[in-house]
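This chain uses plain numbering: 1 for the first residue, then up along the sequence. These numbers come from a predicted model, not from an experiment.
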Amino acid sequence: MAEKKLRITQVRSAIGGKANQRESLKALGLRKIRQSQDWPDTQQVRGLVNTVRHLVTVEEVS
């Protein structure tokens, strides 16, 4: 059985955001708007996404 993955896409800028939000985007590997990264569906990744939920979209991929 394949591990579930999340495709995280940045849709808004981090300019004007708090430092922890900018660091969360950096940890997720997102630097530009419309840039996407695939991550395993873990609690750590979900926590980072929750911090920047207003800046990204998340979709499950197989």
Side-chain angles (χ1 to χ4, degrees):
M1 181 163 162
E3 179 179 300
K4 288 198 316 188
K5 288 191 165 266
L6 300 175
R7 177 162 293 147
I8 303 164
T9 305
Q10 184 175 350
V11 294
R12 294 191 62 203
S13 173
I15 294 173
K18 296 180 180 176
N20 66 328
Q21 294 170 351
R22 291 192 303 271
E23 291 296 321
S24 293
L25 285 175
K26 186 187 286 188
L28 289 168
L30 300 172
R31 299 180 306 128
K32 300 177 181 180
I33 294 175
R34 290 188 298 279
Q35 183 177 13
S36 296
Q37 291 286 334
D38 290 347
W39 287 91
D41 189 3
T42 64
Q43 290 295 322
Q44 292 84 2
V45 172
R46 292 272 182 172
L48 288 170
V49 168
N50 189 47
T51 303
V52 293
R53 63 188 174 273
H54 58 292
L55 304 176
V56 300
T57 59
V58 180
E59 49 191 329
E60 289 187 8
V61 294
S62 53

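Pairs engaging residues 52-61 under the side-chain hydrogen bond (donor to acceptor under 3.5 Å, both in side chains) rule: Asn50-Arg53 [sequence neighbours left out]. Legend: salt bridge (charged side-chain N to carboxylate O under 4.0 Å, His left out) pairs involving residues 28-41, not counting sequence neighbours, sorted by first then second residue: Lys4-Asp41, Arg7-Asp38, Asp41-Arg46. Applying the salt bridge (charged side-chain N to carboxylate O under 4.0 Å, His left out) test to residues at least two apart or on different chains, none of the pairs has a partner in residues 11-20.
Residues Leu28 and Val52 form a side-chain contact, since some pair of their non-hydrogen atoms from C-beta on lies under 4.5 Å apart. A heavy-atom distance below 4.5 Å is not found between the side chains of Ile8 and Leu48.
Closest approach of Thr9 and Ser36 over heavy atoms only: OG1-OG, 2.7 Å. For Val56 against Val49, the heavy-atom pair with the smallest separation is CG2-CG1, 4.3 Å.
One distance of note links CG of Leu55 with CG of Leu30; it measures 10.0 Å at 0.5 Å rounding. Note: Thr42 OG1 to Lys5 NZ = 10.5 Å, rounded to the nearest 0.5 Å. Between the CG atom of Leu6 and the CD atom of Gln37 there is a distance of 12.5 Å, given to the nearest 0.5 Å. Note that the CG atom of Leu25 and the CG atom of Asn20 stand 10.0 Å from one another [nearest 0.5 Å].
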